[in-house]
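See structure below.
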2 protein chains.
Amino acid sequence: MPDKAIIHVVDDDASMRGALESLFESVGLGTQTYGAAGDFLAASFADMPGCIVIDVRLPDMNGLDFQAKLTQMGVRLPVVMMTGYGDIPTSVRALKRGAVDFLPKPFRDQDMLDAVMAAIDRDRQRRAIDGDVSQVRQRFETLSPREQQVMLLVTAGKMNKQVAGDLGITEITVKIHRGAAMRKMGARTLVDLVHMAELVKPRRP
Amino acid sequence: MPDKAIIHVVDDDASMRGALESLFESVGLGTQTYGAAGDFLAASFADMPGCIVIDVRLPDMNGLDFQAKLTQMGVRLPVVMMTGYGDIPTSVRALKRGAVDFLPKPFRDQDMLDAVMAAIDRDRQRRAIDGDVSQVRQRFETLSPREQQVMLLVTAGKMNKQVAGDLGITEITVKIHRGAAMRKMGARTLVDLVHMAELVKPRRP
DNA sequence: GGCGGGATCAAACCAAGGTATGACCGGCCT
DNA sequence: AGGCCGGTCATACCTTGGTTTGATCCCGCC
């Protein structure tokens, strides 16, 4: 494990914060606590792997709005919801919006730990994927505009001469751009380049 | 729309079955009703697009077991759960296992229709993807064993001579198998073949 | 026995991919 | 002005990809 996971606990009940903190610390998980949703959103924290454990009903914000806020702010930590007075529609909505779990209070320690572990796992997976994608995107940005065009056309299955035709240039020039793209992207083969182009293009949120 | 969607309603309450049937029919959705989970599971039906609407608490089976049974039987219709006496953990479990929605009774007609529409949509998307995948897999099966091997190695980025080395044959033979694979798979370019190999290989359930 | 399919290989040939060298141009920054 | 970068192109040369023709071998099936 490179980074220790951090659990962000958001609850207005101080005793609950304390209980969760000692629970998480007891299994070696780092913990950060907040008394209000706003406190968390205002806090700047290193973007470390982990998750958020939050009560759906807080004085300053409800869980659904909190989720929306996170999305809007680009915070992509998985969320585990808990509640003392929740109803089914709320739990359904939370899960549909991506919450990992939804625990009614009181819950068993083990259930909370299971939920948190699942959330951390999801976060690690997302980070691994996002890391690859952004690395490839970053390299793609270092290509000159022409090189980018050529790469996209080539990885769409066009032959050099077709690319040349599409761009109104000669095949030789295409070869040069293509070679430069391969070098800069670190692609050994065309197949590699195709897979990278896959990561550059699509949107799947 | 090629096929009309069918909603499978499973509930032991006859009046609920009737109410849902008329609700769905009123918006042009085909409906099939069952008084018990076993009735549905025993019924053989054309695999048409649609979804299942089922009460979580039935005399012969609960909703969670029903979901497991569906998976096991290879029935992949989306499930909308409903209940009169559900609790949050049940709803959470159902959604985590893939249910599209979970509606407490009584529900508003519009909520049920929204859920069913979302489920049908999900089903159509799945069918579209599955259709492509199984079509490619089917074509892949028509390749001779050698052609399959060559195709997989080539789409992994290996050069013909490397493939030849790996398989202990000459480059010429590789070219022949490769050409045959392209023809049989209907791939115009290597890029096409790479994308098809993508569909043949992975598992994502 | 003969027939077909799968697998193997070779020779010959053509098309496409890839690199190196060298050159010219235009814009931009110092 | 000079330098750098991006883009363009050419010539030359080599590697890889891809097809055709033709041939051999083995195996299972009618």
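Proteins come first, then strands; the chains are lettered A, B, ... in the order of their sequence lines, and each starts at number 1.
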A:His177 side chain, from C-beta outward: closest of D:dT8, C:dC9, C:dG17: D:dT8
Among B:Arg76, B:Arg124, B:Arg137, the one residue meeting salt bridge (Lys or Arg N to Asp or Glu O under 4.0 Å) with B:Asp130: B:Arg76
Between C1' of D:dG6 and CD of A:Gln148, the distance in whole Å: 13 Å
Atom-to-atom span, CD of A:Glu171 to P of C:dG18 - whole angstrom: 11 Å
Candidate pair B:Asp123 and B:Arg127, rule salt bridge (charged side-chain N to carboxylate O under 4.0 Å, His left out), full reasoning: CA-CA 6 Å; B:Asp123 192 40; B:Arg127 281 168 193 278; 2.9 Å; yes
Side chain of A:Arg178 - closest among D:dT8, D:dA10, C:dG17: C:dG17
Length of the line joining A:Glu147:CD and D:dG6:P, which is rounded to integer Å: 7 Å
Interatomic distance where CD belongs to B:Gln149 and C1' belongs to C:dT8 [whole Å]: 14 Å
Test item: B:Gln32 side-chain N/O and B:Ile6 main-chain N/O as donor-acceptor pair under 3.5 Å: no
Nucleotide nearest B:Lys175 (side chain, heavy atoms from C-beta), chosen from C:dC9, D:dT16, D:dG18: D:dG18
Shortest non-hydrogen contact between B:Leu95 and A:Val92, atoms and distance: CD1-CA, 3.7 Å
Gap between atoms NZ and C1', on B:Lys158 and D:dT16 respectively (whole Å): 17 Å
Closest to the B:Ile169 side chain, choosing from D:dT11, C:dA7, C:dC9: C:dC9
Phosphate OP1/OP2 of C:dC9: any B:Thr173 side-chain N/O under 4.0 Å: yes
Which nucleotide in C:dG17, C:dA7, D:dG7 has an atom nearest any side-chain atom of A:Pro145: D:dG7
A:Ile176, nearest nucleotide to its side chain (from C:dC9, C:dA16, D:dA10): D:dA10
Whole-Å distance separating the CZ atom of A:Arg188 from the P atom of D:dT16: 13 Å
B:Met159 side chain, from C-beta outward: closest of D:dT16, D:dG6, D:dT8: D:dT16
Protein-nucleotide distance (B:Met151, atom CE; C:dA7, atom C1'), rounded to Å: 19 Å
DNA chain D: 5'-proximal contact among B:Ile172 and B:Lys161 (nearest heavy atom): B:Lys161
Sugar-phosphate, base or nothing in reach of A:Thr170, heavy atoms under 4.0 Å: sugar-phosphate
Interatomic distance where CG belongs to A:Asn160 and C1' belongs to C:dA15 [whole Å]: 12 Å
Ion pair check, A:Lys96 and B:Asp101, cut-off under 4.0 Å: yes
